[in-house]
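Here is the structure we will look at, set down as structure tokens.
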Amino acid sequence: MRVLYRFHGGIHPPSNKVQSTSLGIAPLPLPSRLIVPFHQHAGETAKPVVQIGEIVLKGQIIGMPDGFISSAVHAPTSGTVTAIGMHPVAHPSGMPNLCATLIPDGKEQWIQNQTIDYRTLGTDEIQQRLRMSGVVGLGGAAFPSDIKLRIGRHKVNTLILNAAECEPYITCDDMLMRERAPEIVKGADMLRFIVDAEEVLIAIEDNKPEAITAMQQAVKESGMPFEVVAIPTIYPGGGAKQLIFVLTGREVPSGKLPPDIGVQCFNVATTYSVYRALALGEPLLSRTVTVTGNVRQPRNYEALIGTPIDELVAQSEMLPDTNGYIMGGPMMGLPLPEVRVPVVKATNCVIATSAKLFPPPLPAMPCIRCTRCVEVCPAELQPQELYWFARSREFGKAQSFSLFDCIECGACSYVCPSHIPLVQFFRFAKSEIHAREKEKQAADSARERHEFHQYRIEREKREKTEKLAAKEKAAQAAKSVITESQPATDPAASDLETRREHIREIAQSHVEHSKE
Ligand code: SF4
Ligand code: SF4
């Protein structure tokens, strides 16, 4: 029996999960159009490689990875690209993003899939395969999986499959494990092979007994020495650092990553995508999405990437008093700017909201220094101090109080008796610091460019002067060579002078003879 550890803090909000687990994962009918953003992952936006009017096949690459941290984007079905341009997407900035609009032809005509035996490939080739298959973290962060597998000099002893799914309302991972456990186990074996891990732990919160049973059964049938671990249900137990601590008792130091302590974590749905990419040659074209909240029939759907949220939610019939939508869970999710935005790789859940389900927040009151936020913070921070620093824009101080260790779980806001939206202040402070760093970097590179320009002007001036001086010196040297090589007297003139002297001598002797 594995010894489990308890991380600091945490809360127990109502789980609201049962509503969406009474029915299995349903396929969605082909939507009327698909809007596929080129930036669905952490890192650089994929580069469009299709034209408007082009007919594409299901699984065809329409966006190539562009940069070290990037990932490919694919056509989720066959059809015609009718637009490439800016479209509203689910993003904290509220800004639109570059998307391809695809009108399905209904044929679902696939590209030729290339299955491979991953055991015959080197890790570089497998990573490249995952990059070109668009496999990214499906737990919410959408970090390219090929980058997470580049562990460099680190040795990963423990591979953790994160199936905690700790946030209320979300059940997509739970349902995936209930229905596709054998494929997930195969994906886990692939990841274990790539990072050469010694042990594999599949961590599931103990409020998902069906998923635990399904995974235990699949592990048993596979004969793999993997361990399914039921962990206590507490929010945010699915945070990578919190989960690693619960399972191993080891802390990932501030500013470090799990491989620094010999651990790597992958979400369970990501693991399933790895299996599909490597065993079936299928890129990431769809994902399981929970549709819940203020709808008649909450359940999970297998939704194509790019499906407009309005068409997805219509399957569950939103209720008339619906007043908005959240992408993700109620703790860390994002209110959608509008319902036409597409499902992306990070869309694990869509919650229809109503005033009854999610009453408007009460007005914030002054902090009473009760320290309840400190008690629940899983990162062991001082949220009330961070709040003061963020509010007074003392960002340097906020950083010295480990602002960037905040995982934005919202547990502090949840318990605050003064209803202070603490996590919003922390997001604001982080974005300001990032913006300032960006500005500083831009200013630094502009200064460097200017300094180099000045240096080049000076250097050219100096080189010109040196060239002129060298030319002058060479001219002088040439002149002196000519002078030195000329004889002191003209031989012809000298001869003439000798003859004149001779005549003068003869004349003199005549004069002397005549005198005698
Ligand atoms: S919980 Fe709220 S009121 Fe209490 S110390 Fe934290 S910020 Fe202040
Ligand atoms: S949001 Fe940040 S500060 Fe608040 S409890 Fe979570 S980790 Fe701590």
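Each ligand, and each atom within it, is numbered from 1 in the order the structure gives. Since we're looking at a predicted model, the values are computed, not measured.
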For the rings on [X] and [Y], is their centre-to-centre separation under 6.0 Å?
X    : Y    : result
H434 : F404 : yes
Y387 : F425 : yes
F395 : F389 : no

*Any idea which part of V374 is under 4.0 Å from ligand 1, heavy-atom wise: side chain, backbone, both or neither?*
neither

*Does C367 bring an N, O or S atom to within less than 2.8 Å of atom 8 (Fe) of ligand 1?*
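Yes.
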
Assess whether a salt bridge exists between [X] and [Y], defined as any Lys/Arg side-chain N lying under 4.0 Å from an Asp/Glu carboxylate O.
X    : Y    : answer
R180 : E302 : yes
R33  : E311 : yes
D444 : R447 : yes

*So Y169 and F358, would you call those rings parallel, tilted or perpendicular, with 30° and 60° as cut-offs?*
tilted

*Please state which protein non-hydrogen atom is closest to atom 6 (Fe) of ligand 1 and give its distance, to 0.1 Å?*
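Here the closest protein heavy atom is C373 SG, 2.4 Å.
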
*Tell me, which protein residue and heavy-atom name are nearest atom 4 (Fe) of ligand 1, and how many Å apart are they?*
C370 SG, 2.3 Å

*atom 2 (Fe) of ligand 2: protein N, O or S atoms that are less than 2.8 Å away, sorted by chain*: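 Atoms qualifying: C406 SG.
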
*So, N97 and H87: side-chain donor and acceptor under 3.5 Å apart, yes or no?*
no

